[in-house]
Peer 1: 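Submitted below is the structure of interest, expressed as structure tokens.
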Amino acid sequence: MSQLFDIGMVGLGVMGRNLLLNLADHGFRVIGLDTDPAKVEALKKEGNRASVDATTDAQAFLAAQRLPRAVILLVPAGKAVDAVIDELAPRLQPGDLLIDAGNSQFKDTDRRHRELAGKQLNFFGIGVSGGESGARHGPSMMPGGPKAAYDRVRPMLEAIAAKVNGEPCVAYVGSGSSGHYVKMVHNGIEYGIMQLLAEIYDLLRRGAGLTNPELAEVFERWNQGELNSFLIEITAKVFRKLDPKTGKHLVDVILDVARQKGTGKWTSQEAMDLQVPLLTIDAAVAMRDMSAYDAERVRANQRFGVSVMPLDGDRARFLEQARNALSCATLLTYAQGFAMLRKASTTYDFGLDLASVAAIWRGGCIIRAAVLEKFRAAFTAQPDLPNLLLDEAVAKTVLGCEGDLRVVVKSAIDFGIPVAGLMNALAYFDAYRTARLPTNLTQAQRDFFGAHTFERIDEAGKFHANWEGPD
Ligand code: 6PG
């Protein structure tokens, strides 16, 4: 071996292989490790240069790297990460650095950090978004953990990250497991927006009768304006794609059961623990679950029939309303995600800089969108802003589209089309701007049946009423 490698990559699946090649393209010498000889051979063939190598032998992999080592793990979240750490840790030297770049549960990241710190090994978690093409040509990356450890690999990560106006879509997000936490919330937002897109698709197709080519045109047009984003762009492309097998539009032959790896569910579960309202994302997770009951849905369809009442009005006007409704609900979904990050930052002492999170989500990741520039500006102007809805410019945008969100939700009710995401986005907005919610009644009931006490609007303290007896 003439020269030692700058960095190692464990896991040569789709993400690992592409990230490794991306590093090599930027002048870094990278060695890969995988238990599958076919993956090792495939990488050697594809890499085909002196700065790229791969092996199935952990010892040889470690011996080929310069010290202190930096090793990225890109293996499936869960047990596989622990298995790799268990194999490598005893062979590493104090000061070596392990970077978990998978979609790990943030609590696992905390545990691994504690365990490895005991062995004088550095460890941090990094959220990586952008799928296969992002990994190869520029992902968005969310590193969190010990800052000094991040600084060691910072030049490499900045080199391979997506760029927006020359700025790399990677920045240190905070301490502890914050990198994986931020990525989890990214995925929660991803679930929310994808659900909103599915509902708009349903409204335009079953409600307004648009064909696939018409849907493609609409989404292409929307992508030119305020809604400009990766998810809108790929949605337009989906509607154009034909199935080579049947010649039909591919989207029409895809089974309607949505699978999930779990990061959206984790976001909702974690939000409940943190006591943060996350209405749109909760609805998105629930609708993926609903989609899995396909056999029962067919039976229920036979029992209740189809009750869709198509649009009876101006189609062009409805399309405009649908676009505004989608913009509004999307913005409200981001607002929920950022509010969750705000709460998490205090609860876990992450020290998150939300302006920087908004900045690194502008490019490379699945939820990249033009609107993130507005969010970055909001958090830059007010770093402690608790909720994007309290920012003047964001509020103005919401006020400009919430009327159409209301109209579209009402139309969906008339059509008989389920829009749990849109409805919950609207409910979030309506609840958040309600100075006095009806939860005074909840408190009265809790005190009535359980003597749980209540607080009063005119006097401090806890009170209990004798609800059925004399005053
Ligand atoms: C990304 C994606 C990526 C992955 C999701 C899919 O940011 O690049 O979020 O992480 O595609 O985990 O998640 P589901 O399988 O749960 O839909």
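Order of appearance sets the numbers: ligands from 1, and atoms from 1 within every ligand. No experiment lies behind these values; they were computed from the predicted model shown. Values reported hereafter were calculated over all heavy atoms of this structure, with side chains retained and with hydrogens, waters and symmetry mates removed.
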Peer 1: Check side chain to side chain contact (heavy atoms under 4.5 Å, CB included) between Ala284 and all other residues, then give those that pass, not counting sequence neighbours.
Peer 2: Tyr191, Gln195
Peer 1: Are Phe219 and Tyr201 close enough that their ring centres sit under 6.0 Å apart?
Peer 2: no
Peer 1: Write out the protein residues near ligand 1, meaning a non-hydrogen atom under 4.0 Å from one of its atoms, in order of chain and number.
Peer 2: Asn103, Ser129, Gly130, Gly131, Lys183, His186, Asn187, Glu190, Tyr191, Gln260, Lys261, Gly262, Arg288, Ile366
Peer 1: Please name the residue in the list Phe379, Phe338, Tyr334 that meets the ring-ring contact (aromatic ring centres under 6.0 Å, His included) test with Trp361.
Peer 2: Phe338
Peer 1: Taking everything shown except Glu226 itself, do over 12 heavy atoms lie less than 6.0 Å from its CD?
Peer 2: no
Peer 1: Considering all heavy atoms of both residues, which atom of Val30 and which atom of Ala24 are nearest to each other, and what is their separation?
Peer 2: CG2-N, 3.9 Å
Peer 1: Among Tyr348, Trp266, Phe124, which one satisfies ring-ring contact (aromatic ring centres under 6.0 Å, His included) with Phe106?
Peer 2: Tyr348
